[in-house]
Amino acid sequence: EGVRFADRKQRALVHIRGGFGAETESATYHDVWSEVSGGRAIARQPRLLLVTTISTTLRAFLLPIADRFRAKGWRVDALAAGAESDTALTGRFDATHNMVWSRNPLSLRNVAAIRRIRAIVREGAYDVVHVHTPIAAFVSRLALRRSGVLMVYTAHGFHANPAGSRLGNAVFRWLERRAARWTDYLVVMNE
């Protein structure tokens, strides 16, 4: 049985490296933005909402995306814990929204977040919601699963990992599989 596991592990690594590297990530982003800008007729300024658990992720990874799309005429807003008070985001987004999340995906705090996300997306009339970080991504995809908005999830990493507990990893894998149904594009940034 140990040989079988080693074979399966090796095949999985080949699959991951072949299908989820930087070239694939870049091509997926190209497909996403081509569909939104070319495949859908938008009679008004297109709108993008970037969602992360905390504003630090916006600063560390997403400011270039916001700058690029704003330069192309998009309205780009952000939603994260601390986004409204993060001065590094001032002027880089058209609007920022605070969100109170819990790192526990089953927390009642996230139930309130579901209602708030729906309201923000309805008021903002977004064409694309681009989610990052596992908790924000899961809660947002759950909230918007039947909204018709194009949902993009960039997975910078998953909660299920070799150092995690078996039960915790099983829960996070189940949540990710469930949320995959509500995702139009999944972009994986790591192996």
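None of these values were measured; they are calculated from a predicted model.
- To the nearest 0.5 angstrom, N98 atom CG is 4.0 Å from E84 atom CD.
- Residue W74 is grouped with residue I65 when hydrophobic side chains (ILVMFWY) are merged at heavy-atom distances under 4.5 angstrom, including chains of intermediate members.
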For side chain to side chain contact (heavy atoms under 4.5 Å, CB included), just list the numbers for H132 and V51, CA-CA rounded to whole Å, side-chain angles, deciding distance to a tenth of an Å, and then say yes or no. CA-CA 6 Å; H132 301 259; V51 181; over 6 Å; no

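- Between L49 and V128, the closest side-chain pair of non-hydrogen atoms is not below 4.5 Å.
- Counting heavy atoms from C-beta on, the side chains of Y185 and L150 come closer than 4.5 Å.
- Note: D127 CG to Q45 CD = 9.5 Å, rounded to the nearest 0.5 Å.
- One finds a salt bridge joining E176 and R141 here, because a Lys/Arg side-chain nitrogen approaches an Asp/Glu carboxylate oxygen to under 4.0 Å.
- Residues meeting the salt bridge (charged side-chain N to carboxylate O under 4.0 Å, His left out) test with R59, sequence neighbours left out: D86.
- V100 and I114 are assigned to two separate hydrophobic clusters, defined by single-linkage of ILVMFWY side chains at heavy-atom distances under 4.5 Å.
- Looking only at side-chain heavy atoms (C-beta outward), W182 and L142 come within less than 4.5 Å of each other.
- Atom OG of residue S147 and atom OH of residue Y126 lie 12.5 Å apart, to the nearest 0.5 angstrom.
- No donor-acceptor distance shorter than 3.5 angstrom exists from the side chain of S140 to the backbone of A137, with no hydrogens or angles considered.
- Here CZ of R146 is found 7.5 Å from CZ of R118. Values are rounded to the nearest 0.5 Å.
- Closest heavy-atom contact between S55 and A80: N-CB, 3.7 Å.
- Looking at every heavy atom in both residues, L58 comes nearest to A78 through CD1-CB, 3.7 Å.
- Residues R75 and D77 meet the side-chain proximity criterion, which asks for heavy atoms closer than 4.5 Å.
- Between V131 and T154 there is no side-chain heavy-atom pair separated by less than 4.5 Å.
- Of all heavy-atom pairs between A88 and L63, the closest is O-CD1, 4.5 Å.
- Between the NZ atom of K72 and the CZ atom of R68 there is a distance of 4.5 Å, given to the nearest 0.5 Å.
- The residue from F61, F69, F93 that alone fulfils the side chain to side chain contact (heavy atoms under 4.5 Å, CB included) condition with L50 is F93.
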Derivation and outcome, side chain to side chain donor-acceptor pair (under 3.5 Å), residues T52 and T57: CA-CA 7 Å; T52 69; T57 307; 4.6 Å; no

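- Under a hydrophobic clustering in which Ile, Leu, Val, Met, Phe, Trp and Tyr are joined whenever their side-chain heavy atoms come within less than 4.5 Å, directly or via other members, F138 and L167 fall into the same cluster.
- The structure places NE2 of H130 at 7.0 Å from CG of L62, a figure rounded to the nearest 0.5 Å.
- The shortest distance between side-chain heavy atoms of V76 and D67 does not fall below 4.5 Å.
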Chi angles and distances behind the side chain to side chain donor-acceptor pair (under 3.5 Å) call for D184, Y153: CA-CA 8 Å; D184 296 297; Y153 174 28; over 6 Å; no

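- Contact check for S102 versus I135: no side-chain heavy atoms found under the 4.5 Å cut-off.
- Using a 4.0 Å cut-off between a side-chain N of Lys or Arg and a carboxylate O of Asp or Glu, D94 and R70 qualify as a salt bridge.
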